[in-house]
Amino acid sequence: MKRLMLSLVSMALFLNLAQAQNLTLAFETRGGIMFDDNPHFYADYLNLCVDAGLAPGLKFVWRQRFTKPLTGSQPLNATDMVYLDYKVGDWTFSAGKQVLQCGGFEYDAAPIDIHFSTEFYSHIECYQLGVSVARQLGDYELVGQFCRSPYASMESAQNNALKAFNLLFRGPYGSGGWIPLYSANLFEVTPGKYSFQFSLGNRFEITRSLAFELDFIGRSAPGSLSLFRDMSAIAYVSIIPVEWCEIMVKGTFDRNDLWDNPMVERGCSNFKVGLGAYFFPLKENKTVRLHCYYWHSSEGNFVQTGITWKPKLLNLDFARKNN
């Protein structure tokens with residue numbers, strides 16, 4: 001029954017999207033071979049991405065992940081994002097299932113572009129139902145968001161209603177120099193008890209071919225304030241020697257000796273370091289990407305190699321044709 005309802009909703013959405021002013025329909029998938037203690041083939045992403053301009057200033061965004069199951073009474077569990085954006089002047093208002101607004105450049109990356117990560121990234125529920133408002137400040141953006149807490153669960157009605165309050169400040173990618181991605185977050189962990197968390201993301205674009213990122217994420221136990229006892233740190237370097245190749249070096253560290261945090265378990269002290277490369281056989285066209293990544297952690301050594309494909313199936317601008 002749930003699959004039937006989802007199919008009917010999907011059909012209704014596509015019928016409405018046919019009335020859109022512009023429509024982009026894209027596809028994403030990734031697969032390959034993982035070499036670890038038990039080498040195996042994998043196909044871990046299969047996404048459908050829709051971006052439609054419904055009216056001047058009004059946009060609809062939908063990303064459906066077909067490699068994530070529908071569970072329990074949550075038919076949107078396999079939906080990363082489905083929301084409406086309304087832009088008027090320098091203000092943008094959004095409502096629906098959207099990205100939980102946290103800082104840090106590892107967190108900001110799409111899951112399909114991550115090969116190994118912090119424990120924090122692996123366990124946070126980063127897509128939540130909520131509303132947000134963004135204000136453009138020149139090249140920068142300030143975002144306020146009220147949404148479901150990443151600590152929420154379906155265990156009870158009270159736990160399902162846990163809230164989060166987020167404030168994020170970001171600079172534009174590709175602007176050169178220093179680019180900030182900072183946030184202050186108040187997550188309800190249990191009814192009436194909040195954890196203050198903050199993220200300091202810094203990207204330094206030295207040249208068009210060299211950039212590095214430094215992220216720090218601090219988490220506090222409910223009712224207290226601590227800077228370094230529950231934290232994650234990420235260092236990342238990107239080098240583009242030629243247009244069809246990118247080389248990456250990454251290191252992560254997670255620590256928690258403070259409290260029972262499901263995002264990073266108590267007693268964790270885990271360091272990971274890795275080296276990877278992307279190859280784009282179509283050169284200027286980045287829709288096809290070969291990857292090879294090696295990393296080491298306390299759990300052992302890992303090598304992942306494979307292909308990512310991100311073709312655009314449709315890219316229509318009806319408004320332009322009618323002018």
Side-chain angles (χ1 to χ4, degrees), residues 71-74 76-77 79-81 83 92-109 111 117-135 141-170 180-202 215-234 252-270:
T71 59
S73 58
Q74 293 293 301
L76 292 184
N77 184 64
T79 302
D80 285 346
M81 298 179 288
Y83 65 88
T92 302
F93 303 88
S94 302
K97 189 173 184 184
Q98 52 192 258
V99 176
L100 178 79
Q101 295 290 352
C102 285
F105 285 91
E106 180 190 63
Y107 178 86
D108 194 52
S117 66
T118 55
E119 295 299 308
F120 170 77
Y121 185 96
S122 297
H123 292 103
I124 187 171
E125 293 291 336
C126 57
Y127 302 105
Q128 299 291 346
L129 289 169
V131 294
S132 61
V133 56
R135 166 71 175 179
E141 186 178 44
L142 183 66
V143 183
Q145 184 186 59
F146 169 70
C147 67
R148 187 174 185 259
S149 170
Y151 290 93
S153 71
M154 296 296 295
E155 295 175 358
S156 67
Q158 281 187 322
N159 286 340
N160 192 34
L162 300 180
K163 302 173 290 295
F165 303 88
N166 311 305
L167 186 66
L168 178 136
F169 177 74
R170 75 168 120 233
L181 186 52
Y182 291 179
S183 73
N185 307 91
L186 199 59
F187 297 149
E188 194 172 16
V189 178
T190 57
K193 295 185 178 181
Y194 290 84
S195 169
F196 172 72
Q197 308 193 11
F198 67 92
S199 300
L200 305 176
N202 301 275
D215 293 348
F216 179 83
I217 303 158
R219 300 172 291 270
S220 296
S224 68
L225 184 63
S226 175
L227 293 179
F228 300 107
R229 294 186 60 189
D230 183 7
M231 49 79 69
S232 299
I234 306 103
T252 71
F253 178 69
D254 294 281
R255 179 191 180 196
N256 176 19
D257 65 359
L258 181 65
W259 63 297
D260 292 323
N261 185 354
M263 294 186 191
V264 179
E265 65 180 10
R266 186 197 287 264
C268 177
S269 181
N270 191 7

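Heavy-atom basis, side chains included; hydrogens, waters and symmetry copies ignored.
Partners of T92 by side-chain hydrogen bond (donor to acceptor under 3.5 Å, both in side chains), not counting sequence neighbours: none found. Remark: F169 pairs with Y140 by the ring pair (Phe, Tyr, Trp, His ring centres under 6.0 Å) rule, at least two apart or across chains. Residues that satisfy the side-chain hydrogen bond (donor to acceptor under 3.5 Å, both in side chains) test with R266, not counting sequence neighbours, are D260. Partners of K193 according to the salt bridge (Lys or Arg N to Asp or Glu O under 4.0 Å) rule, which considers only residues two or more places apart in sequence or in another chain, do not exist here. Listed by chain and residue number, Y173 satisfy the ring pair (Phe, Tyr, Trp, His ring centres under 6.0 Å) test with F105 (two or more places apart in sequence, or in another chain). In this view, V99 and M81, Y107, Y127 satisfy the side-chain contact (heavy atoms from CB on, under 4.5 Å) rule, not counting sequence neighbours. For N185, the side-chain hydrogen bond (donor to acceptor under 3.5 Å, both in side chains) partners at least two apart in sequence or on another chain are N166, S183. Residues satisfying the side-chain contact (heavy atoms from CB on, under 4.5 Å) criterion with F146, sequence neighbours excluded, are V131, K163, F165. Under the rule for a salt bridge (Lys or Arg N to Asp or Glu O under 4.0 Å), D215 has no partner lying at least two apart in sequence or in another chain. With sequence neighbours excluded, the residues forming a salt bridge (Lys or Arg N to Asp or Glu O under 4.0 Å) with E141 are R170, listed by chain and number. For S195, the side-chain hydrogen bond (donor to acceptor under 3.5 Å, both in side chains) criterion is met by Q197, not counting sequence neighbours.
Heavy atoms only, all atoms of each residue included: P191 and L162 are closest at N-CD2, 3.7 Å. Taking both residues in full, the closest heavy atoms of S199 and G104 are given as CB-N, 4.2 Å, listed atom of the first, atom of the second, then distance.
In this structure, the side chain of D254 engages the main chain of E119 through a donor-acceptor pair within 3.5 Å. Formation of a donor-acceptor pair under 3.5 Å by the E265 side chain with backbone atoms of P262 is not found in this model.
Between F187 and P150, some side-chain heavy-atom pair lies under the 4.5 Å cut-off. Using a 4.5 Å heavy-atom cutoff, the side chains of L167 and L142 are in contact. Within the 4.5 Å cutoff, the side chain of F216 has no heavy atoms near those of the F253 side chain. Looking at V133 and V143, their side chains never come closer than 4.5 Å, going by heavy atoms from C-beta outward. When side chains are defined from C-beta on, N256 does not count as touching M263, because their heavy atoms never get closer than 4.5 Å. Considering only heavy atoms from C-beta on, P222 comes within 4.5 Å of W259 through its side chain. With a 4.5 Å cut-off on side-chain heavy atoms, S220 and D230 do not count as touching. In this structure the side chain of F196 reaches within 4.5 angstrom of the side chain of L225, judged on heavy atoms.
For the residue pair T118 / T252, no side-chain donor-acceptor distance below 3.5 Å is found, with atom types taken as modelled. A donor atom on one side chain and an acceptor atom on the other are not found under 3.5 Å apart for N159 and Y151. A donor-acceptor contact under 3.5 angstrom links the side chains of Q145 and Q98, judged on distance only. A side-chain N or O of R219 and one of S232 form a donor-acceptor pair less than 3.5 Å apart. Side chain to side chain, R148 and N160 meet the donor-acceptor criterion of an N or O pair below 3.5 Å.
Within the structure, salt bridge (Lys or Arg N to Asp or Glu O under 4.0 Å) pairs that include any residue of residues 98-108 comprise E106-K250 (at least two apart or interchain).
A distance of 8.0 Å separates CD1 in I217 from CD1 in I124, rounded to the nearest 0.5 Å. Here the CG-SG distance, from D80 to C126, works out to 7.0 Å after rounding to the nearest 0.5 Å. Taken to the nearest 0.5 Å, the CZ atom of R229 stands 5.0 Å off from the CG atom of L258. In this structure, OH in Y121 is found 12.0 Å from SG in C102, a value given to the nearest 0.5 Å.
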After noting the C-alpha distance and the side-chain angles of N261 and V189, does the key distance pass the side-chain contact (heavy atoms from CB on, under 4.5 Å) rule?
CA-CA 9 Å; N261 185 354; V189 178; over 6 Å; no
